[in-house]
Amino acid sequence: MPKAAKGRSGKAEKKRSKKDPNAPKRGLSAYMFFANEQRENVREENPGVSFGQVGKILGERWKALSDKQRAPYEAKAAADKKRYEDEKQAYNADGDDDASS
DNA sequence: CAGCTGATTGTTGGC
DNA sequence: GCCAACAATCAGCTG
């Protein structure tokens with residue numbers, strides 16, 4: 001696996017700040033859709049487990065799926081991205097319906 | 001021209 | 001309302 005280390009270097013640091021005025025929130029991620037469905041299943045097989053467990057289990061199950069199984073989730077993610085494209089568009093449009101400002 | 005980075009998305013669960 | 005691991009993302013900016 002090529003490709004130099006990607007974004008998250010490897011630390012569990014979170015931080016997100018604003019930077020754009022309209023900030024076109026990106027589309028969701030395949031994991032988001034997958035979690036939406038598995039969260040029920042995972043929690044059912046792991047009753048009483050706090051997010052810490054479910055969260056990790058969810059991740060394991062996620063990768064446990066076959067590329068094809070994630071396909072539907074990826075598909076949703078792609079569809080969601082589309083939605084984001086729209087926001088991005090408005091972001092570009094600068095919300096100026098009238099060229100004359 | 002190419003590569004990186006940051007920002008974001010949603011789950012649960014308690015205070 | 002926020003925070004945390006878990007995973008994907010991928011669009012935009014910069015040198």
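Only heavy atoms go into these numbers, but all of them, side chains included; no hydrogens, no water, no symmetry mates. Residue numbering restarts at 1 for every chain, and letters A, B, ... go by the order of the sequence lines.
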Would you mind writing out the side-chain donor-acceptor pairs for residues 49-69 of chain A within the sub-3.5 Å range, not counting sequence neighbours?
| residue | atom | partner | partner atom | Å |
| --- | --- | --- | --- | --- |
| A/Ser66 | OG | A/Gln69 | OE1 | 3.1 |

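Residue whose closest nucleotide on DNA chain C sits further toward the 5' end, between A/Gly52 and A/Arg26: A/Gly52. Residues A/Gly48 and A/Leu28 both approach DNA chain B. Their nearest nucleotides, taken by heavy-atom distance, put A/Leu28 toward the 5′ side.
Residues from residues 80-87 of chain A that place a heavy atom under 4.0 Å from any atom of DNA chain C, listed by number: A/Lys81, A/Tyr84. For the segment residues 55-64 of chain A, the set of residues with a heavy atom within less than 4.0 Å of an atom of DNA chain C comprises A/Gly55, A/Lys56, A/Gly59, A/Trp62, A/Lys63, in numerical order. Heavy-atom distances under 4.0 Å link DNA chain C to A/Ser29, A/Tyr31, A/Met32 of residues 29-38 of chain A, given in residue order.
The NZ atom of A/Lys88 sits 21 Å away from the P atom of B/dG6 (whole-angstrom rounding). The CD atom of A/Glu44 sits 15 Å away from the C1' atom of B/dT11 (whole-angstrom rounding). Atom NZ in A/Lys76 sits about 11 Å away from atom P in B/dG10, given to the nearest Å.
One distance of note links CZ of A/Arg39 with CE of A/Met32; it measures 11.5 Å at 0.5 Å rounding. Here the NZ-CZ distance, from A/Lys88 to A/Arg26, works out to 12.0 Å after rounding to the nearest 0.5 Å.
Among pairs with a residue in residues 71-81 of chain A, those fulfilling side chain to side chain donor-acceptor pair (under 3.5 Å) read A/Arg70-A/Glu74, A/Lys81-A/Glu85, at least two apart in sequence or across chains.
In plain terms, the two heavy atoms of A/Ala77 and A/Ala30 that are nearest each other are CB-N, 3.4 Å.
The side-chain heavy atoms of A/Asp86 and A/Lys82, taken from C-beta on, include no pair separated by under 4.5 Å.
A/Leu28 and A/Tyr84 are not part of a single hydrophobic cluster, where members link through side-chain heavy atoms under 4.5 Å apart.
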